[in-house]
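Read through the structure below, which is laid out as structure tokens, and then see the notes.
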There are 2 protein chains.
Amino acid sequence: MAAPKDPRPCSIADTLALVGEKYSLLVLREVMLGNGRFDQLVRNIGAPRDILATRLRRLVDAGILGKHVYSERPQRFEYRATPAGRELHPVLMTLMAWGDRHLHADGDRPMVLEHSCGKALTPVVTCAACGDPVRQEHLTAHPQAPGWTIAGPAAG
Amino acid sequence: MAAPKDPRPCSIADTLALVGEKYSLLVLREVMLGNGRFDQLVRNIGAPRDILATRLRRLVDAGILGKHVYSERPQRFEYRATPAGRELHPVLMTLMAWGDRHLHADGDRPMVLEHSCGKALTPVVTCAACGDPVRQEHLTAHPQAPGWTIAGPAAG
DNA sequence: GTGAGAGGGTTTGATTTTCCAACCCTGCGC
DNA sequence: GCGCAGGGTTGGAAAATCAAACCCTCTCAC
């Protein structure tokens, strides 16, 4: 086991292999905002059309987006998130929250999400089991593959 | 207003501009696991050394990582997350949770995070104001820039 | 005091991606 | 029959990635 040649097996890396390329998560953002048509995506994301076409194929293949006909003649399509795609919403929220906190002044947020409780959303990640907000120092990492111990404060 | 040439202003895009390149979030992962040395990063991530050097410079410039001397002679460094970097932890958790759910069988998760409550962590994003788990359909998006209305189910 | 590492990178040259602009096709609407 | 909307594809130049080799400093064993 000692000297692994392959990188660490990891769900973060696996997920990023599907949605980590440039523009992919922005496609998800637009689709979740209801802007699932090719031209809307090009405009709202600012991506080259050919790259966008490649990304869309990939996301459809991965089961994250579905392609739906909204007009038969002429044939026109719209991309929508599948259930698996919708479950990426937490990723988008946490990315947005970080950018709001660290890249924008308080009055300068590009978009505000209003929660059904009436307040502007500030997302907090909690533990499903106990309900407490998760803090990194309260986690212990247990790699499941042999040879992949970790060094740091959360050694396991 | 009417016909925007620029893409949608958005904190998701802004954040990804800093950490969305290939390997950047994996660097964060390793650093948070306590593996902040160049060689560890190369091995555990599987990235080319030159690319890694580029990413590290960028993350340090962005204030996400700090470079710390752990040995004077010979001079040796270690990268650590700054407070801003640590606040990206929720992004990593949500990415990991998605991969665990959608890319791995139940018994096949590459890593388990144990919460201080004693259970394996399942992260849930909640609203800081009301404490409820956030569901996309309970959100209303309010773009703050003129001309950037949205089309979808969450129009605002 | 020389040779073999460890650690932290940089350099070089080939391969891939991205990017941009232009083009293509279908089917309206006039 | 002309122009436009929508949804792409194509071609060639520019940029990023990759793998392997190299460099430099210092330490340790011999």
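In what follows, every heavy atom counts, from backbone to side chain, and hydrogens, waters and symmetry copies are set aside. In what follows, chains are A, B, ... by sequence order, proteins preceding strands, each numbered from 1.
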Assert: residue with more 5' nearest nucleotide on DNA chain D, out of A:Asp50 and A:Phe77, is A:Phe77
Quick check on D:dA16: is either OP1 or OP2 less than 4.0 Å from any side-chain nitrogen or oxygen of B:Arg55? no
A:Leu52 CG to C:dC19 C1', in whole Å, measures 13 Å
Rounded to whole Å, the OH-P distance (B:Tyr70 to C:dA6) equals 12 Å
*Base, sugar-phosphate alone, or nothing: which one does B:Arg76 contact when heavy atoms must sit under 4.0 Å apart?*
base
When A:Ala53 and B:Pro74 are each assigned the nearest nucleotide of DNA chain D, the 5'-most assignment goes to A:Ala53
Can you find a side chain N or O atom of A:Tyr79 that sits less than 4.0 Å from OP1 or OP2 on D:dG8?
-> yes
From CZ of B:Arg57 across to C1' of C:dG9 the rounded distance in Å is 9 Å
Between B:Arg8 and A:Glu30, is the closest basic N to carboxylate O distance under 4.0 Å? yes
Mark yes or no for a side-chain to base donor-acceptor pair under 3.5 Å between B:Arg49 and C:dG8, with no hydrogen or angle criteria applied. yes
Sorted by position of nearest nucleotide on DNA chain C, 5' first, the leading residue of A:Ala47 and A:Arg73 is A:Ala47
Between CG of A:Leu41 and C1' of D:dG8 the distance, given in whole Å, is 13 Å
A:Arg43 CZ to C:dC20 P, in whole Å, measures 17 Å
Between A:Glu87 and B:Arg101, does any NZ, NE, NH1 or NH2 come within less than 4.0 Å of an OD or OE carboxylate oxygen?
yes
In whole angstroms, the gap separating C1' of C:dT17 from CD1 of B:Ile51 amounts to 12 Å
- Query: Can A:Arg58 and A:Glu21 be counted as an ion pair, charged N to O under 4.0 angstrom?
  - Reply: yes
- With no hydrogens and no angle check, is any side-chain donor or acceptor of A:Arg55 less than 3.5 Å from a backbone partner on A:Lys22? yes
Comparing nearest nucleotides in DNA chain C, the 5'-proximal residue of the pair A:Lys22, A:Gln75 is A:Lys22
A:Glu21 CD to C:dT18 P, in whole Å, measures 6 Å
To the nearest angstrom, the CD-P distance between A:Gln40 and D:dG8 comes to 13 Å
* Any donor-acceptor pair under 3.5 Å joining the side chain of A:Asp39 to the base of D:dA5? -> no
If you count every heavy atom of other residues, nucleotides or ligands that lies below 6.0 Å from B:Asp61 atom CG, does the total exceed 12?
yes
